[in-house]
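Everything on this sheet refers to the single structure shown next.
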Amino acid sequence: MTYDIKSMAVIGVGIMGSGIAQIAAQSGHTTYLYDTKAGAAEQAKDKLAATFQKLVDKNKITTEQAAAANKNLVVAHQLEDLKDCDLIVEAIIERLDIKQSLMQQLEAVVSEHTILASNTSSLSITAIAANCNRPERVAGFHFFNPVPLMKVVEVIQGLKTDPAIIKALIELSRAFGHRPVVAKDTPGFIINHAGRAYGTEALKILNENVCDISEIDRILRDGVGFRMGPFELMDLTGLDVSHPVMESIYHQYYEEARYKPNPLTKQMLEAKQLGRKVKQGFYNYATGEKTGEQPAKFVERLAQYPRVWVAADFLDDKKQLEDYLTQQNIDIDTNPEPQTDSLCLLACYGEDTTQAAIRLRVNPEQAIAIDMLYGIAKHRTLMPSLVTKTEYRQAAHSIFNLDGGMVSMINESIGFVAQRVLAMVINLGCDIAQQNIATVDDINAAVRLGLGYPFGPIEWGDQVGSQKILLILNRITALTHDPRYRPSPWLQRRVALHLPLTFTYES
Ligand SMILES: NC(=O)c1ccc[n+]([C@@H]2O[C@H](COP(=O)([O-])OP(=O)(O)OC[C@H]3O[C@@H](n4cnc5c(N)ncnc54)[C@H](O)[C@@H]3O)[C@@H](O)[C@H]2O)c1
């Protein structure tokens, strides 16, 4: 069957349904609005008219375009009014039984050619279609809030969905000005699945008392380049939204360790400490602004510095560190073994300082590890061992403040903060590719556009070095025995063959 979508309907015109109707109407599609709540469809139409007027006032669209968009919106009073639509998108309450029954009701009304799509975030498309006479006509069409601004949409292929429908929805997404990404019907699809690493690993790091939330946010925001730290982000989203997603994906994947949530967010949810919307989350928002972020500590220039002995897992890190030390006029201990009074700087991956010192046969009292995954970025993370002497802690902190850069001094963590979080993000992206949930291109685009990360996870792995990511994961797995960190076969094979992570075999 071929599908040509000219007219469509949105059922459930709440936050998501209204947004979908807006882009549909603006892109020239006759769009019916239907809602079981009395007056809701009329209200949505009025609100959208006001939105179009605002866009005219801001010179984003012309008066003619606004008039055309308004004309495209039609209020429907009963499901029968939708009988001639080419596509019906439901954005009603997130309940499987209600969505299933709506699909059955629709099948009794619409024509053979009508596509039935669901905007569900967490339910299976295959399950929503299960009671239909023609489950092959049902697909997922998953938008993000706010729909007009979040320019990505997941097109979900249920177990029985007709591939021609996927093709039609891809074309429609493009007509909307959105980037379609095609995903297999799996828990969290691409974006909510790929988003599981950032918050959960940050929570685990907090749980291990590696450092406080301000420090974790700073390392990932200022050091790595995420738009927001994980705790700022959870405060913005609200734990009433993000905690259930964490739990749902974890359980839907039968308690897969990679997605394991944290008891802390459950507790905060119970205490109604949800985030910005209630003025209290990880930070406080009583004044309307975020408060409670602890400032980074700065150590002034010291009268004297010890010599510094450098060891690194990768030669380029050693060179970068020695160049930096030379620029700051710090003496380098070039002996093969460190002198007994040298500060030992260890650029290690996937270890804590204790493990690295033992492996490198260095006295842990002299040792400080540094995270070089991002080179000497404007924000550096240093990690003393449990027994590193205060004089070396102070000296190292000051040395990395000398050029005005900021320093996070963290407690011991197997794999620092940035290494752990980034390795988890990249590994999860690789695993989504390994499970063939989506193509590499679609995974990267979905994460960039849907999660706002600076890079897609798979391209990011190539950028920071897949060999480093694999080393981090292998060492953490060996030291913790936690299956959460086991490297994806996708990553292992490509590193072994010296191929980019984006490589796929095409016959
Ligand atoms: N809010 C988000 O950020 C977001 C993002 C992506 C997907 N979703 C999904 O979109 C759907 C809608 O979410 P929302 O946030 O827009 O909800 P909402 O509460 O803002 O809107 C739901 C609308 O559906 C109507 N409705 C409920 N049951 C109905 C039925 N049986 N028939 C017709 N109308 C009915 C309600 O009256 C309401 O107007 C859910 O499946 C949700 O999982 C939400």
Side-chain angles (χ1 to χ4, degrees), residues 9-24 31-48 75-82 85 88-110 116-125 127-129 131 138-156 158 173 176 178 181 183 185 187-195 233-234 236-245 247-249 252 274-277 446 449-452:
V10 176
I11 301 189
V13 287
I15 300 174
M16 296 305 291
S18 298
I20 299 167
Q22 180 182 333
I23 57 170
T31 306
Y32 288 82
L33 306 172
Y34 177 80
D35 201 294
T36 42
K37 195 169 145 215
E42 288 83 353
Q43 258 178 28
K45 184 170 159 54
D46 292 346
K47 262 196 179 165
L48 285 173
V75 171
H77 300 283
Q78 56 219 351
L79 286 184
E80 286 68 24
D81 295 347
L82 315 180
C85 288
I88 298 180
V89 184
E90 72 76 17
I92 65 166
I93 187 171
E94 187 76 337
R95 281 248 319 256
L96 179 60
D97 54 343
I98 301 183
K99 288 193 195 278
Q100 280 176 331
S101 115
L102 175 65
M103 292 298 177
Q104 277 181 297
Q105 280 174 268
L106 286 170
E107 262 200 324
V109 172
V110 298
L116 303 181
S118 171
N119 184 49
T120 181
S121 298
S122 62
L123 302 171
S124 151
I125 298 302
I128 291 173
N131 297 341
V138 181
F141 205 26
H142 184 216
F143 289 88
F144 294 81
N145 186 26
V147 178
L149 301 181
M150 295 291 289
K151 298 276 186 196
V152 62
V153 55
E154 292 177 321
V155 178
I156 319 293
S173 310
F176 287 169
H178 276 47
V181 290
D185 183 22
F189 311 130
I190 308 173
I191 294 171
N192 281 338
H193 186 167
L233 181 64
M234 281 186 271
L236 182 70
T237 312
L239 289 180
D240 52 334
V241 175
S242 48
H243 182 79
V245 176
E247 283 204 335
S248 153
I249 291 184
Q252 286 189 74
L274 307 179
R276 267 181 190 270
K277 62 180 82 166
L449 296 167
L451 297 174

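We count ligands from 1, going down the list as the structure has it; atoms in each ligand are counted the same way. This structure is a prediction, so every number in the text was calculated from the model and none was measured.
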Decide whether an N or O pair under 3.5 Å exists between [X] and ligand 1.
X	answer
K99	yes
Y34	no
I15	yes
E94	yes
M16	yes
K37	no
L102	no

>> Going by the rule side chain to side chain contact (heavy atoms under 4.5 Å, CB included), which residues pair with A9 if we only count those two or more places apart in sequence or in a different chain?
In response: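 With sequence neighbours excluded, A9 shows a side chain to side chain contact (heavy atoms under 4.5 Å, CB included) to Y32, L82, C85, I88, given in chain and number order.
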>> Could you check whether D97 pairs with R95 (Lys NZ or Arg NE/NH1/NH2 to Asp/Glu carboxylate O, under 4.0 Å)?
In response: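 Counted as a salt bridge, because a side-chain N and a carboxylate O are separated by less than 4.0 Å.
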> Does the protein put a heavy atom under 4.0 Å from atom 17 (O) of ligand 1?
Replying inline: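 No.
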[X] heavy atoms, cut-off 4.0 Å: which ligand 1 atoms fall inside?
X	result
I11	33 (C)
H142	6 (C), 7 (C)
I98	31 (N)

Side chain or backbone of [X] under 4.0 Å from ligand 1, or both, or neither, by non-hydrogen atoms?
X	value
F143	backbone
N145	side chain
A40	neither
V241	neither
L123	neither

> Is I93 in contact with ligand 1, taking contact as a heavy-atom separation below 4.0 Å?
Replying inline: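 I93: in contact with ligand 1 (<4.0 Å).
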> Any idea how F143 and F176 line up, ring-wise: parallel (<30°), tilted (30 to 60°), or perpendicular (>60°)?
Replying inline: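 Answer is tilted, since the angle falls between 30° and 60°.
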